[in-house]
Amino acid sequence: MTVRTRFAPSPTGYLHIGGVRTALFNWLFARQHNGQFVLRIDDTDQQRNVEAALQPILEGFRWLGIDWDEGPEVDGPYGPYFQSQRADRYQAAVEKLLETGAAYHDYARPEEVQAEREAAEKAKTQFSYSRTWMAESAEQRAAYEQEGRQAVVRLKMPREGSLIISDLIRGDVTFEWAREQDHVIQRADGSCLYHLATVVDDHDFQISHVIRAEEHLSNTPRQIFIAQSLGYELPQFAHVPYVAEPGSRTKLSKRKLSKYLKNRDFANLNDLGLKIADQLDLETDTDTFNPVIVDFYEQVGFLADAIVNYLLLLGWSLDDRTEFFSREEMIRDFSLERVNKAPASFDCLKLMAFEKHYMQELPLKQKVAKCLPFLQQAKLVTSPPPCDISEKVTKIVTAAGDRLTVAGDILDFKEFFVGNNEFEYEEKAFGKRLEKAPESVELLRSFREVLSDATAFDAETLEILLKGFVTEKEIKIGQIIHALRVAVTGKGVGFGMFETLEVLGKDSCLKRIDRTLAKLPT
RNA sequence: GGCCCCUUCGUCUAGCGGUCUAGGACUCCGGCCUUUCACGCCGGCAACACGGGUUCGAGUCCCGUAGGGGUCACCA
């Protein structure tokens, strides 16, 4: 049997991080079994702009390297892959269900059903539709229509017995048919509802394993009823736990941003994103730009591998110690049996730890390549970049080392890309290291002359110069180095001092020191 | 409320009856390194929800309780 899995996003305009994890599990399972991973678009409620709302989702998957064998843009033998284009299939299924008596026309008005529901609630009994307005013959239908009633199609669910679902993750789960409702599968206007559509599609696409979020577990009985009534062979089910809020067990939702922002780590991540986005002139509307949405990570320069690896371990593990997986390894090692049953909460700090790790592992050339677009977008570097810029960025990226966690962090070093009179001084650092340290200013003044006389300006030479200066003046290096850093970068912190000077070059260093000294009393 | 699911350090998790005075990772807290900030290194704090069984023996099996969550639409 060919393994075929699917992920069915609604075209909402963004890709939710929890959804990605579900998609990832589907993708891994399909790849592991040399099967196919299908993307089906759940657009049954006819959004206006499906195409526009779909693009960010497809883009997100592409960025993460989760490729689909069939679906939008690639099509496939079982298409169309948009539910809005499959109405005829659903219609045929409805007719078959009606024919076999598994479904019926129901002429109840919504308020009539609602009244029954409320009565049951008041009586504290289990609600079960009376089927009063059920019409199974042409005569009955005509009579109701005479009254001006319209029909929906309902499932004629069994009212006794039970169903055991053998879930690949949860084991056997038992449901009583009597608790199930005669769900509507087709509206009066002929449009079909989700549960019917999903069952028909999964069958048409020959999906072998339905791997989806656990919130669908309770919906599974009715889907099984539909499938069996239609004579379909059942797929295997695997209900994965959802991704929960930071520090909680509640399902992560994009609508509760303000709540998550109260979580310190989440807020920090969000701030990191905002800081970078601000310099890039990005749209930062919280609806589309926040750590619950995959786009966020791409835009601020996260590594897709880090996100994927983190998500993989959110609810799954191989053993008691393996943390890092290449794509090949995760495809090889993944298994549904080892997916946890309990929800896992989204931990920004852990995600950052993976990002740091992958960034450290990234070859220098690729790091530079990741950073350049950010410098361009922030207009710190022209597009196309001048030919010597790559060398300069390489030096900075090297010197920055682990200080670059996401590619957008390169913008923390913008002082290297602006004019000597344009970089800004951090007030605090300026005060502490210069204004309130007149002796350091004096040392800076004399070290400026040493630099001025320097014939070579590489980090190694500069270190020898400064160390010699320190020995000669009989001072501690800290007495000059902090002042020097503020003088040439405007900042109190940064990477190695000598690398800083080298990257700036002699001319810039002298000009910057002069500019700084000019701001101070003599 | 009915039904269903879940419950090991703050978080992600290992554990499938004895090797568990519960292991790893992230976080946090010390210390070292150091020109700042990071990195790195060393060390430390920290958990089997509770109560009954079963068993020679339970984190591991069973039953309750509590807590958390999901689902009960002419949404997906």
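Per chain, numbering begins at 1; letters A, B, ... match sequence-line order. Please read these numbers as outputs of a predicted model, since none were measured by experiment.
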A:D201 and A:T198: side chain donor to acceptor below 3.5 Å: no
Give a yes or no on whether a donor-acceptor pair under 3.5 Å exists between the nucleobase atoms of B:rA76, that is its base, and the side chain of A:H195. yes
With a 4.0 Å heavy-atom cut-off, tell me which residues in residues 157-173 of chain A come close to RNA chain B, sorted by residue number. A:R170, A:V173
Answer yes or no: is there an ion pair linking A:E147 with A:R149, defined by an N-O contact shorter than 4.0 Å? yes
Paired with B:rC56 by Watson-Crick or G-U wobble geometry, both distances under 3.5 Å: which nucleotide is it? B:rG18
Side-chain N or O of A:N340 less than 4.0 angstrom from OP1 or OP2 on B:rC6? no
Here the distance between atom P of B:rA76 and atom NZ of A:K254, to the nearest Å, is 14 Å
Pairs meeting criterion ring-ring contact (aromatic ring centres under 6.0 Å, His included) with involvement of residues 161-196 of chain A, two or more places apart: none
OP1 or OP2 of B:rC12 less than 4.0 angstrom from a side-chain nitrogen or oxygen of A:S345, does that happen here? yes
Please confirm whether the shortest side-chain N or O distance from A:S218 to OP1 or OP2 of B:rC3 is below 4.0 Å. no
Between the side chains of A:Q83 and A:D43, does any donor sit under 3.5 Å from an acceptor? no
Report, one line per pair, each donor and acceptor closer than 3.5 Å where one atom sits in a side chain of residues 399-413 of chain A; sequence neighbours left out.
unit_1	atom_1	unit_2	atom_2	d
A:D402	OD1	A:Q360	NE2	3.3
A:R403	NE	A:A400	O	3.0
A:D409	OD2	A:T405	N	2.8
A:D409	OD2	A:V406	N	3.0
A:D412	OD1	A:K275	NZ	3.1

For B:rC48 versus B:rU11, give the span between their P atoms, rounded off to a whole number of Å. 12 Å
Expressed in angstrom and rounded to an integer, what is the separation of A:H216 atom NE2 from B:rU71 atom P? 9 Å
When we call it a touch if two heavy atoms are under 4.0 Å apart, what does A:A108 touch: a base, just sugar-phosphate, or nothing? base
Could you pull out the closest heavy-atom pair between A:I207 and A:P235, with the gap in Å? O-CB, 3.6 Å
A:N219 near the nucleic acid: base, sugar-phosphate alone, or nothing, with a heavy-atom cut-off under 4.0 Å? base
Within the side chain of A:Q181, is there an N or O that forms a donor-acceptor pair under 3.5 Å with the backbone of A:F127? yes
What is the distance from CZ of A:F175 to P of B:rC72, rounded to the nearest Å? 12 Å
Could you give the CG-to-P distance, from A:L196 to B:rA76, as a whole number of Å? 11 Å
So, is A:R338 close to the B:rG15 phosphate, meaning a side-chain N or O under 4.0 Å from OP1 or OP2? yes
Which of these nucleotides, B:rA14, B:rU71, B:rG2, is closest to any side-chain atom of A:Q126? B:rG2
Provide, to the nearest angstrom, the distance between the CD atom belonging to A:E245 and the P atom belonging to B:rG68. 14 Å
Pairwise salt bridge (Lys or Arg N to Asp or Glu O under 4.0 Å) hits with a residue in residues 164-174 of chain A, at least two apart: A:R170-A:E214
Both A:L217 and A:A8 contact RNA chain B. Which one's nearest nucleotide lies toward the 5' end? A:L217
With a 4.0 Å cut-off on N to O distance, would you call A:K259 and A:E245 a salt bridge? yes
Can you tell which of B:rC12, B:rA76, B:rC74 lies closest to the side chain of A:A344? B:rC12
Nearest-Å distance once atom P is located in both B:rA14 and B:rG31: 35 Å
Residue matched to B:rG64 through Watson-Crick or wobble contacts both under 3.5 angstrom: B:rC50
Atom pair distance, as rounded to whole Å: CG in A:D42 and P in B:rC75: 14 Å
At under 4.0 Å between heavy atoms, which parts of nucleotides 25-41 of chain B does protein reach? Answer with one letter per nucleotide, 5' to 3': B base, S sugar-phosphate only, - none. BSS-------BBBBSS-
Paired with A:F354, the ring pair (Phe, Tyr, Trp, His ring centres under 6.0 Å) test is passed by just one of A:Y297, A:F324, A:F325, namely A:F324
Which of these nucleotides, B:rU71, B:rC75, B:rC74, is closest to any side-chain atom of A:V152? B:rC74
Given the C1' atoms of B:rC20 and B:rA47, what is the spacing between them in whole Å? 13 Å
Here the distance between atom C1' of B:rA76 and atom CD1 of A:I41, to the nearest Å, is 13 Å
SB check A:E145 A:R141 (cutoff 4.0 Å): yes
By the 4.0 Å heavy-atom rule, please label A:T174 as base, sugar-phosphate, or nothing. sugar-phosphate
By nearest-nucleotide position on RNA chain B, the 5'-leaning member of A:F346 and A:E176 is A:E176
Just call it for A:R117: base, sugar-phosphate, or nothing, with non-hydrogen atoms closer than 4.0 Å on any strand. sugar-phosphate
On a whole-Å scale, what distance lies between the P atoms belonging to B:rC6 and B:rC45? 34 Å
Among B:rG70, B:rA76, B:rA73, which nucleotide sits nearest the side chain of A:K251? B:rG70
For A:D182, enumerate each residue passing the side chain to side chain contact (heavy atoms under 4.5 Å, CB included) test, keeping only those at least two apart in sequence or located in another chain. A:Y104, A:Y129, A:R131, A:R154, A:M157, A:R159
To the nearest Å, give me how far apart CZ (A:R21) and C1' (B:rU13) are. 13 Å
